[in-house]
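To start, the structure under review is shown below, and the notes come after it.
First the proteins, then the strands, lettered A, B, ... as listed; each starts at 1.
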Amino acid sequence: MTLLSLTDVSVRYGRLTAVRGVSFSVAENEILFVTGPNGAGKSSLMRAIAGVTHCAAGKITLDGRDITAEKPENIARMGFSMVPEGREVFGSLTVEENLMVGTGMHGGAKRGRIADELASVYDTFPILKERRNGQAGLLSGGQQQMLVIGRALMTQPRLIAIDEPSLGLAPNITDQVYERLIALRAERGLTLLIVEQSSTRAVMVGGRMLLMRGGQIVLDGDARALGNSEAIQAAYFGYEDH
Amino acid sequence: MTAASPTMSAQAVPPSAVAEHKPARFALARKTIMTPILLSLLLVAIAVLTYLTGSRPFNQTVIDVFVRVTLVVGLYIFIGNSGVLSFGHIAFTCLGGYAAAWLTINPIMKASALPGLPQFILDLRLPYWQSAVIAAIFAGVAALILGKVLMRLSGIAASIATFAVLAMINTIYANWDSVTGGTSSVVGIPIIRTIWPYLIGAIIAIFLAWAHAISRSGLALRAARDEPTAAAASGVDIPRERLVAFVVSGAVMGLGGALTAHSVGVVTPDTFYLGLTFITLSMLVVGGMGSLSGAVIGVVLLSALIQILRWMEAGISIAETTIALPKGVQEIALGVIMIVILALRPSGLLGNREVTLFQRKRNR
Amino acid sequence: MSHLSAETVSVAFAGLTALSAVDLQIQPGRISGLIGPNGAGKTTLVNVLTGFQSPTEGAVKLDGASLAGLKPHQVRRKGIARTFQGGRLFRDLAVVDNLEVTGVGLGMSRRAAVAEAEAMLEWMGIGVLGDRIAGTLPYTDERRVAIGRALMGRPSYILLDEPAAGMSGPEAAELSALIRRIAHDLGCGVLLIEHNVGLVLGLCEHVVVLDSGAIIEEGAPAAIRNSEKVRHAYMGTAADTEPPVEALEVAQ
Amino acid sequence: MLQILFDALSLGSLYALGALGIALIFGVMRLVNFAHGDVIAFSVFALLWPSTDALAIVFAGQLPWYLLIPFVLIVGALLSVLCEIVVYRRFRHASPATMMIASFALGFVIRYFLLMLFTSRPKSISLLPALGQPVEIFGARLPLLQLITIVATICILLALTLFLRRTRFGLEMRAAAENFSMARMLGVRANNVIMGAFAISGALAGAIALIFGSQTGTLDIQMGASVMLMAFIATVIGGLGSLPGAVLAGFLLGAASVVMQVFLPIDARPFRDAFVYGAVILVLLFSPQGLISARGTKERV
Amino acid sequence: DDETITVGFATAQSGAMQAYDKPADEAAMIRIEEINAAGGLLGKQIQVVTADTKSDRAEGAKAGLSVLDQGADLVIVSCDYDFGAPAALAAQDAGIVSFFSCAESVKAGIQGVGPLSFSGSVLAPVQGAAMAEWAFKEKDAKTFYKLLDTWTVYNKGICDGFDWMMPKLEEQGAKLVGEDTFKNEDASIAAQITRIKALPEEPDAIMLCTMMPGGVSAVKQLRAAGINSMILNGSGMDGSYWLSAVPDLSNFYIPVQASIYGDDPNPDVKKFNEAYKAKTGADPSSQYVYPGYVAVDVWSKAVERAGTTEAEAVVAELEKMKDEPTLFGPRTFTSELHHQANARYLVVNVDKGKPGVVGEWTLSEPVPMEAILK
Ligand SMILES: Nc1ncnc2c1ncn2[C@@H]1O[C@H](COP(=O)(O)OP(=O)(O)OP(=O)(O)O)[C@@H](O)[C@H]1O
Ligand SMILES: Nc1ncnc2c1ncn2[C@@H]1O[C@H](COP(=O)(O)OP(=O)(O)OP(=O)(O)O)[C@@H](O)[C@H]1O
Ligand SMILES: [Mg+2]
Ligand SMILES: [Mg+2]
C-alpha cells in the first residue's frame, strides 16, 4: 500500500530551482534510499515533504491525504518523522529533554510506551544515557547525530525520513543505526526514507534506490541491482548542464 | 547546479606564484564607489529641489533629514558591519552636540550659563564648521576610550552595555549643571539655516562609511559578524576591528550631534536620549541594517513618509474640501507601516544590497 | 626539525575528561590522521591546538615554544590553520571574500588578499565559485571553500575536522587528492580527522586512534587496519567493506 | 538597616516582575519585547473610559478587587496574545534586531493609540486603596502593597520555573524557542505554545500595571517605560533566558538604586543612576553571560 | 498685510505636550475673540494661524518657521521652554515678538531666546520662595525639609527660589532640617521616605519641588507612610483631576495665579472660567490656562500703545509695563527680564480632598537676578 506519494514536486529558492518535477511513491514498510551528488536537491526534497519548505508546484500525499500545504506539526502528527540535515539539536535542553520533545503528540497517555521507547533508544546509543542530564549543545558532533536520530525514533513514527544518517558518525555507530532501523522495520512495519550521498550503504543494506541529480530523479530501481553500475558512475560524474 | 564541480585539471601553479597578479590599485574602490556617489547625488538632488522651493519650514525639514542621514550612517558603520546592536551611540551625538555648544556660544553667555567649563573653552568662540570637526574628534576619542572596555562584549550583552553608557552620559549631562547646564537647555548656539553644511556633513558621513566598509577592517568585521569563531580562526582580532568601527562611527555620531545643535540652536540631554536612539535605529533597520544604501534610503523614505503623513494630518485640500487625518494618527500609521515593511522584508528594504549602476561583477 | 605538538594534553569539562595526557606531533609536509569513536575528543584536541580551548594540563608547542595563552587569532597568525566540523563559512560574503578575510586577518592588504584568494580558488579548482554567496553553496562545496579559507597565507599546519562528511565516494576521492597536494605542493603539515576510514587509511602516513580521550593505538595505516582494538572500538563493518579511496582515485 | 532592605526589595520586586515578563518572551523567541511597557500601560488604562478630559472617568476601576485583578491580568494577556497573532507571528524567522524594532514600532502604535484616547496628561485613580496601609515587620515599616508584591514575585517565579521545567508545555516552549521549525517537525504545535508564553507575559504586565497603579495612584502613558527598561537590563545581566537570573538581577538593581540613594552624599545623589549603570557595565564585563547563565547560552566550538 | 493682524500658534496640537499647550491656547483664543469682538486691534481683526510642533523640538522650529511664513506678527510658542524655544528662536531670527504661553523658566525670554521673547507666566523660583515665606509667616512653620525631583528645570527652579528664601527665614528662626532628591520616574521613593522618617521629629513643612506625574506618586507615598507635615508645592501640582489618587489628602498647599475652583476673590475670573467652559466644554483643569490669556492681553495692550505691531516698538511698550494689571495678577517687564520675578499668588489648600483658596501672598521682595539665574 502506498504510504507517501509525490507528484511533480518542485522546490525553488528565488530564481534557483532545487527540485524540479519529482514524482515517486513509497510503499508501506519499504526502504527507500535517495542518493545523488552534492547539490542534487535531496535535502530540499525532504524538507518539502516535512512541510518546512514550501513546494513551488506539485502535490504530496501521506496516507492518501493531501499534505502539500499542511503545517509541519500536523504532518509529524500523522506519523512522519524527519531528521533534517545538520543536527538540529535543541542545544540548551538536556539530552533527555531533547528526546522527550516529540513525545507530546500522543496525548501523554502512553507513559509506559514512552518509557520503553526511551529505554530502547538508550540501548542503541548508550552514550546518550550516560549524558542524559547534560546539555545537548555540548555533545560532540557524532553524539548530536545520535541524539537527533534517537529523538525521531521517540515519536514512534510510521515513516521516518533521515537526511544523511551517517553524517559524522563513527563507522561502527553507523552500523548500529542501520541495524536498529532495520529491526524496527521488521518489528513495527516502520517505513524508511533515507538520504545518503553515496550509494555504498544502499548497496549494502538493499532496498529501493532513487538517484537524484540536478533536482531530478535520474535512476530508480533496486539498490543491489544498480550497484556500482555504469549508470551510477555517469550520474555522479556527468557534467552535462541543466 | 553541479557547475561548481571541480576539475582535476587545476594542477596549476601554487598560489604564491599567482599572487603577482594583484588587481590594479584602487580597483576595489573604483568598483564600489558608485554607491556613495549615487547616494550623495540623491541627497544633492533633494537639497537643490528644496533650495528651489524656497519654503523655510520645508528647508528645515530637509535639514533634519540630512542630520538624520548623518546619524543613521554613523550607526550603520558600527551596527551594520559588526552586527552588534548598539543602543548607546546617541551618547556620542550628545557629546558632539554639547561640544559644539561649548565651542560656539558667545563667551559672555557661556561664562554665566556654564561657569564650570575650563577657562580656555570659556574664552573660545569658533566658527561652526571648526566646532563640528572638533566635536567629531571629541566623540571619536570618547568612543575610543569607552570602546577599549566595551568591545570585548558581544551580542545582547554589548547592546546593554552600550545602553548603560548612554544612560550614564545622559545622567551626567543632565546633572552636571556647571558644565552642561543640567536638564535646562543650553542656549545661544548659532543656528545655521542654510541647507548646504548639512548636505556636506551627510556626504562626509557617507564617504567615511564607504571607506570603512571597503577597508580591511570593515571586511574582517563583517566576517566576524556572521561567524565569530571562524573569523578568529582566520586570524581576525575581533575586539580590535570592532573598536575601529566604534571609533569611526562614534566620530560620525559626534558630527551629527554638532549638526543637530546648529540646526535647532538649543541642546538638552533629553534630545539625545531614547527617542532619538529608537528613531535612528528604526530607520537603519527598516532601510536595511547591512547596507549603506539601506541606511541612507531608510532615512529618506521614512522621513518622506512622515512628512506626507504630517501634511495629511495638517489637511490637504482636494476639490474644495480639506481632508485631515485626526491628530495622532500620523504616529500610529508610521508604526503600522514600519511593521508591515519589516514583515514583508525582514532584513530591511535593501537587505544586504547596495545601489550601483552596474550589476556586481568581478573583473576576472 | 619544525613541528607542532601537543604534549601530555589533558582537558576536563565539568565532570568529564575529554582528553587525558595526549601526545601528538604534526610535521610539515606530512599527513597525519586522527580517528576515533564519537566523543573521543578529536575536536577537542583540535580546539586545544588552535587556542580555542586551553588545556587543563600539558602544553601545545610550536617548534618547541609554548603557545599557552594565545588567542585563536594569534595562533592562526603563527601559521596554524583549521577547519570546522560544520562549515562555518561567512554566509553573507562571496566565496572570494571568505578567503580574503583570512588574508586580511593575517595582515595583508585587500589587494594582496584578493589576488591570493583568487589564485587559491584557481589552485583548488573551484575558481568558478568565486562570486557565489557562501550561504547558498551546497554542503560539499562549503567544505572546499572552508579549506581554501584555511589555506590562505600558506599556513605551516592545517587541521581538518571531518572535511569529507557528507561526501560521496568520488567527491571524497577528489578531496583526497587535494589534501595530498596541500601536503606535497604547499608543504603543509596536515592533521586529518575523519570517519571515512578508507580516506584516512589511504591518505595518511601516520594514524592516531583516540578513544575516550586517550590514545589507544597509533602507527602506519596498515597496522591500524589490522588492529583488533581499533576494529572493536571504532570500525565495525567499515574495515571490510569500504573501498579504499586510493582505488577510486585511480579509477578516475 | 532592615528598612533599607525592605525598601530595596520593594523597588526590586517591581523590576523583577517586569524582568520575568521580558525574560519569558526573550527565552521563547529571542525577542526583546519593547512593547511590554506599553502593554503595561494599556492594561491599566483599560480601567478607564477613553476621554480627553483631565479628570479620569473610571470604568472597570470600581470593580471589587476579586474582579478587578483578574480583569487587568486578562486584559494584559489578551493584548499580548493579540500582538503575537497580529505582529510577532510574521517575524518567526527574522533577526533579533528586526523583531526588536518591530516590537518597538508596535509599542509606538499602542502608545499613540492610548495618547489619542486619553491625552498625555496622567490620569489619577484610587486603585485598591486598602493596599496602601502600612504594616510593621520587625520594626520596619512597609506598605502592605509592597509586602504583597515581594511575596507575589517570589511565588510567581517559583511557579513559573516549576511550570517551565516540569511540564510538557514548558518543555515544548523551550524547544520551540530554540529551533522553531525543528520543534514543529517533532509535532509540537509551536504557535500555540508561543501564544501561551505571550499570555503569561501579558498577565505579568497586567500585574505590574496594577502594582504600579496602586502605588503611584497615577496612570501615565509612559508608565511602563522606565520599569520596562530596568527589567530589560535585569534580564540581560541576570543571564538571558534564565528566569531566576532575571529576578535576582531585578532585585539587585532595585537594591543598588536604593543603596546608592541612601549612601551617596547629597551632591552626588542626582548622579545615582550613572553609578547604577556603571555597576551594570562592570557586571557585564566580568560575566558577559549574566549572573546565572542559562543553559545553552554557552556555545562550543 | 494691512487688513488683519496675525497671531501664530506654534504649539503642540498633538503628542505629549498637547495636554499642556491646548488649554493655554484656548485661553489665548478667548482673549483674541474678546479683542475681535471689541473691534479688533488697531482697528484690524486678529487672524489666527497654527502649526503643530508635535511635541518635538525639531518640529518646533519648523512650526515656528511655518507660522512666520504665514505672516505672524506674534508667535505663541509651547508652554515649556525646551519645547517652545526652537520656534521662539525662529521668531527672534525673523524679528518677530514671541510669547511662551506659560513657561516658567527664566530662559523663556531674553536669557534663552533673545530680546523679542516673553513669557505670560511667573518664574518658578517665585513659587518656591512664596510658599516658604507664606508657610513661615502665616502657618508658623519652623522646620523645613526639601525634596527635589531632578527631572526638570522647572522643579529645580522652585527649589532655587526656596533656597534663596530659606536663609532669610533662618535668620528669623526657621530651620532647614534636611534635603533629598528623587527622580520623577522613580517607581518608589521608599528610601527617601525612610530618611525623613529617621528625623528626630517630623518637619513642619516639606518643600516638594516636583510636577506630574511623579509628584502624585511622591505625595501618595509620603502620606501612606504616615508623614503628615504640610506639603508645599509649585503651581505644577494645581488641579483637582489627580486628587482621587490620594483620597482624603489634606495639608497640601499650592500657589496659583487664579483659582479654577470657583472661589476666586475676583468675580471676573469666575466669568472667565465660565467663558472657558462654554468654549471648550470643560472647566479649566489647572491654573496653567490663565497665562495664555495674559500673553495675548499684555501684547495687545503694548500694540495699542505703540500703534504698530513692529517688534521694536512693541517690546519698548512691554518693557514699560510695571505692575500692569491683568485678570490674573500684575505684570512687570524690564529690559533685563521678560518674566515675573514677583507675583501675587493665591494659596490653595487641599483639605480632605477638597481644594480651596486659603490665602493670598506676594513676596516681600522680588527674587533677585542671581537667584533666578542660578
Ligand atoms: N536556503 C537556500 N537558499 C538558496 N539556495 C539553496 C538553499 N538551500 C539549498 N539551496 C540550493 O539548492 C540546491 C540543492 O540543495 P540541497 O541542499 O537540497 O542539495 P543536497 O542534494 O541535499 O546536497 P548535499 O548532498 O550537499 O547535502 C543547491 O544548489 C543549493 O545551493
Ligand atoms: N565545552 C564542552 N563542555 C562539556 N563537554 C564537552 C565540551 N566540549 C566537548 N565536550 C565533550 O567532550 C567529549 C569529546 O568531544 P569532541 O567534540 O572532542 O569529540 P569528537 O572526538 O570530536 O567526536 P565526534 O567524532 O562525534 O565529532 C564529548 O563527550 C563531548 O560531549
Ligand atoms: Mg543535503
Ligand atoms: Mg568532532
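- For B/W196, the ring-ring contact (aromatic ring centres under 6.0 Å, His included) partners two or more places apart in sequence, or in a different chain, are B/Y51.
- E/A90 touches chain B through backbone and side chain together, each having a heavy atom under 4.5 Å away.
- Both the backbone and the side chain of E/A58 come within contact range of chain B, with heavy atoms under 4.5 Å apart.
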Using atom types as modelled and no hydrogens or angles, find all donor-acceptor pairs between chain B and chain E shorter than 3.5 Å.
{"unit_1": "B/R56", "atom_1": "N", "unit_2": "E/D69", "atom_2": "OD2", "d": "3.4"}
{"unit_1": "B/R56", "atom_1": "NE", "unit_2": "E/D69", "atom_2": "OD1", "d": "2.9"}
{"unit_1": "B/R56", "atom_1": "NH2", "unit_2": "E/D69", "atom_2": "OD1", "d": "2.9"}
{"unit_1": "B/D64", "atom_1": "OD2", "unit_2": "E/K62", "atom_2": "NZ", "d": "3.2"}
{"unit_1": "B/A174", "atom_1": "O", "unit_2": "E/K156", "atom_2": "NZ", "d": "3.4"}
{"unit_1": "B/T183", "atom_1": "OG1", "unit_2": "E/K156", "atom_2": "NZ", "d": "3.1"}
{"unit_1": "B/S184", "atom_1": "OG", "unit_2": "E/K107", "atom_2": "NZ", "d": "2.5"}
{"unit_1": "B/S185", "atom_1": "O", "unit_2": "E/K107", "atom_2": "NZ", "d": "2.8"}
{"unit_1": "B/S185", "atom_1": "OG", "unit_2": "E/D82", "atom_2": "OD1", "d": "2.0"}
{"unit_1": "B/T268", "atom_1": "OG1", "unit_2": "E/R57", "atom_2": "NH1", "d": "3.2"}
{"unit_1": "B/D270", "atom_1": "OD2", "unit_2": "E/R57", "atom_2": "NH2", "d": "2.9"}
{"unit_1": "B/R310", "atom_1": "NH1", "unit_2": "E/E59", "atom_2": "OE1", "d": "2.9"}
{"unit_1": "B/R310", "atom_1": "NH1", "unit_2": "E/E59", "atom_2": "OE2", "d": "2.1"}
{"unit_1": "B/E313", "atom_1": "OE1", "unit_2": "E/K54", "atom_2": "NZ", "d": "2.3"}
{"unit_1": "B/E313", "atom_1": "OE2", "unit_2": "E/K54", "atom_2": "NZ", "d": "3.4"}
{"unit_1": "B/Q330", "atom_1": "OE1", "unit_2": "E/K54", "atom_2": "NZ", "d": "3.0"}

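- When all heavy atoms are compared, the tightest approach of B/V264 to E/P86 is CG1-CG, 3.6 Å.
- More than 12 heavy atoms of other shown residues, nucleotides or ligands fall within 6.0 angstrom of atom CG in B/L49.
- Using a 4.5 Å cut-off on side-chain heavy atoms (C-beta onward), E/L89 and B/I191 make contact.
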